[in-house]
Amino acid sequence: MTFTHSVPTKQQSIIGVSPLVALIESYGVSPIPILERTGITLNMLKDAKAKISFSQELAFISAMLDLIVDSDIGFRAGKYYKLNSFGHLGLAVATCDSVEDAIQLFIKYIQLSYTHFDVSFFKTEGKAILRFKDLCELKELRRFYIERDFSFMMISTRDMFPRTLANQKFKAIHFDYECPTTVAQYEALFECTVRFSMPFNEIQFDERYLDRPLPQANPLTRQLLEEQCEFQKVEAIGPEGYVQKIQQVIRNSEDMIPNLEEIAKQFHTTSRTIRRKLKTEGYSFQALLSEELSRKAIHYLETTTITVEQISLKLGYSESSSFIHAFKRWTGKVPKAYRS
């Protein structure tokens with residue numbers, strides 16, 4: 001089972017590429033030929049509400065990389081994205097109480113950002129980890145997007161997030177591809193340990209850093225800005241349906257997964273109504289449950305050391321053999337082989 005989408009179909013904000021115009025000009029290159037090739041006009045770049053297609057964005061990036069040959073361009077691109085580039089989301093993040101609070105908020109409304117990766121956040125063995133997984137097929141542009149987003153996370157947030165931490169234990173970046181230049185060059189750019197050909201694309205840092213207070217924390221302002229984020233989220237992806245509601249219930253369940261009747265009680269409705277609503281959204285409850293159980297199983301295998309037997313119990317299987325059979329159906333591998 002895969003959760004990667006081939007091409008996003010919805011229009012996206014022009015702001016996703018507008019900072020790159022300044023990047024292109026910094027190389028002494030005119031952005032006009034690139035814009036003409038992609039159907040993006042100068043007037044669109046001046047309109048904060050302008051939208052472009054995903055294909056236009058890919059064409060823009062591809063044309064930019066054709067004109068500018070620089071192995072560091074992904075890293076440099078990330079420096080042109082500031083928190084305030086994300087509108088209400090960026091401002092809301094800045095007013096959070098702590099680094100962890102800010103990360104959680106950003107991920108909650110990540111649909112309002114310009115990333116094409118699913119970002120998971122977890123803690124293990126004293127490390128906090130941000131792991132990036134592909135949401136769509138980026139092909140030869142994938143490295144650019146990964147390094148752009150990592151640069152933004154590591155470099156462009158410095159003015160907002162305090163960095164000093166006595167006796168810091170961990171600070172590293174992992175890339176899942178081979179090093180295109182030299183490790184020393186990457187470590188100089190990102191100012192931390194960098195490893196290549198790793199299982200995941202992820203940023204690791206000392207877990208204690210999560211507790212650091214943010215200098216612009218303001219609970220009331222954050223509340224107002226988050227309300228705007230919620231409005232923009234609904235505007236961008238539509239009102240939350242039963243699929244999203246049930247997904248959230250399952251994802252928030254740390255122990256036993258509730259059954260359909262228990263979920264229906266939470267929403268003050270009946271299981272029959274939920275089944276009917278899901279059908280109109282193109283889902284069955286069993287298909288939705290299997291998809292979410294697969295996600296949770298993969299998350300446990302990748303981010304914890306708990307046993308397969310413990311995972312099967314967490315997911316509601318009375319026998320681990322049933323879970324192993326289901327997991328192989330989802331992924332083509334048994335859990336231990338997937339973990340190794």
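Every salt bridge (charged side-chain N to carboxylate O under 4.0 Å, His left out) that Lys123 has, sequence neighbours left out, goes to Glu100. Shown here are the ring pair (Phe, Tyr, Trp, His ring centres under 6.0 Å) partners of Phe323, two or more places apart in sequence or in another chain: Tyr317, Phe327. Under the ring pair (Phe, Tyr, Trp, His ring centres under 6.0 Å) criterion, Tyr145 pairs with His116, not counting sequence neighbours. Looking at residues two or more places apart in sequence or on another chain, you find no salt bridge (charged side-chain N to carboxylate O under 4.0 Å, His left out) involving Asp118. Shown here are the ring pair (Phe, Tyr, Trp, His ring centres under 6.0 Å) partners of Phe144, two or more places apart in sequence or in another chain: there are none. Applying the side chain to side chain donor-acceptor pair (under 3.5 Å) criterion to Thr273, with sequence neighbours excluded, gives Thr270. Judged as a side-chain contact (heavy atoms from CB on, under 4.5 Å), and not counting sequence neighbours, Ser318 has no contacts. With sequence neighbours excluded, the residues forming a salt bridge (charged side-chain N to carboxylate O under 4.0 Å, His left out) with Lys108 are Glu226, listed by chain and number. For Pro258, the side-chain contact (heavy atoms from CB on, under 4.5 Å) test picks out Val249, Ser253, Glu262, Ile263, Gln266, with sequence neighbours left out.
Annotation: side chain of Phe267 is not in contact with side chain of Lys277 (no heavy-atom distance under 4.5 Å). Contact check for Arg76 versus Ile68: no side-chain heavy atoms found under the 4.5 Å cut-off. The side-chain heavy atoms of Phe60 and Ile52, taken from C-beta on, include no pair separated by under 4.5 Å. His299 has its side chain within reach of Phe122: a pair of non-hydrogen atoms, C-beta onward, lies under 4.5 Å apart. Using a 4.5 Å cut-off on side-chain heavy atoms (C-beta onward), Ser98 and Gln104 make no contact. In this structure the side chain of Arg275 reaches within 4.5 angstrom of the side chain of Phe285, judged on heavy atoms. Between Gln286 and Leu289 there is a side-chain heavy-atom pair separated by less than 4.5 Å. Taking the side chain as every heavy atom from C-beta outward, Ile107 and Leu130 approach each other to under 4.5 Å.
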Is there a ring pair (Phe, Tyr, Trp, His ring centres under 6.0 Å) between Tyr283 and Tyr242? Walk through the geometry before answering.
CA-CA 10 Å; Tyr283 266 89; Tyr242 268 95; over 10 Å; no
Run Arg148 and Ser151 through side chain to side chain contact (heavy atoms under 4.5 Å, CB included) and show every step you take.
CA-CA 5 Å; Arg148 180 199 69 171; Ser151 173; 5.9 Å; no
Audit row: Ile298, Thr331, side chain to side chain contact (heavy atoms under 4.5 Å, CB included) steps and yes/no
CA-CA 9 Å; Ile298 289 171; Thr331 66; 4.2 Å; yes
Taking it one step at a time, do Thr305 and Thr124 satisfy side chain to side chain contact (heavy atoms under 4.5 Å, CB included)?
CA-CA 9 Å; Thr305 58; Thr124 180; 5.8 Å; no
Show, in sequence, the C-alpha distance, side-chain angles and deciding distance for Arg339 and Ile311, and conclude whether the side chain to side chain contact (heavy atoms under 4.5 Å, CB included) test is met.
CA-CA 12 Å; Arg339 178 175 263 169; Ile311 293 173; 4.1 Å; yes
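Checked by atom type and distance alone, the side chain of Ser290 never pairs as donor or acceptor with a backbone atom of Ala287 at under 3.5 Å. Within the 3.5 Å criterion, the main-chain N or O of Ile250 finds a donor-acceptor partner in the side chain of Lys296. The backbone N or O of Leu23 lies less than 3.5 Å from a partner atom in the side chain of Ser26, making a donor-acceptor pair. Under a 3.5 Å cut-off, the side chain of Gln248 and the backbone N or O of Lys245 do not form any donor-acceptor pair.
Within the structure, the salt bridge (Lys or Arg N to Asp or Glu O under 4.0 Å) test picks out no pair touching residues 51-62 (sequence neighbours left out).
Nearest approach of Ala128 to Phe121, heavy atoms of both residues: CB-CE1, 4.2 Å. A pairwise comparison of heavy atoms in Leu141 and Leu58 identifies CD1-O, 3.6 Å as the closest pair. Across all their heavy atoms, Leu89 and Ser113 have their closest contact at CD2-N, 4.3 Å. Scanning both residues, Ser271 and Ala264, for their nearest heavy atoms gives N-CB, 3.6 Å.
Within a 6.0 Å radius of CD in Glu178, no more than 12 heavy atoms belonging to other residues, nucleotides or ligands are found. Counted within 6.0 Å of CZ on Phe231, heavy atoms from surrounding residues, nucleotides or ligands total 12 or fewer; the atom is thus considered open. Within 6.0 Å of atom CD in Glu230, more than 12 heavy atoms from other residues, nucleotides or ligands are found, so the atom counts as buried in its surroundings.
Two rings, from Tyr186 and Phe75, have their centers 6.0 Å or more apart. Less than 6.0 angstrom separates the ring centroid of Phe106 from the ring centroid of Phe86.
Cluster membership for Ile129 and Phe117, using ILVMFWY side-chain heavy atoms within less than 4.5 angstrom, is not shared. Under the 4.5 Å side-chain contact rule for hydrophobic residues, Val29 and Val21 share a cluster. Tyr109 and Leu225 fall into different hydrophobic clusters, defined by Ile, Leu, Val, Met, Phe, Trp and Tyr side-chain heavy atoms under 4.5 Å apart, directly or through other members.
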Expected list for residues 188-203: side-chain donor-acceptor pairs under 3.5 angstrom, two or more places apart:
residue : atom : partner : partner atom : Å
Glu191  : OE1  : Arg158  : NH2          : 2.7
Arg195  : NH1  : His174  : NE2          : 3.3
Asn201  : OD1  : Asp176  : N            : 2.9
Asn201  : ND2  : Asp176  : OD1          : 3.2
Asn201  : ND2  : Asp176  : OD2          : 3.1
Glu202  : OE1  : Arg131  : NE           : 2.7
Glu202  : OE1  : Arg131  : NH2          : 2.8
Glu202  : OE2  : Gln204  : NE2          : 2.8

Please tabulate, one pair per line, all N/O donor-acceptor pairs under 3.5 Å involving side-chain atoms of residues 90-97, not counting sequence neighbours.
residue : atom : partner : partner atom : Å
Thr95   : OG1  : Ala92   : O            : 2.8

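For the side chain to side chain contact (heavy atoms under 4.5 Å, CB included) test with Lys314, the passing option among Ile306, Ile257, Thr304 is Ile306; the others fail.
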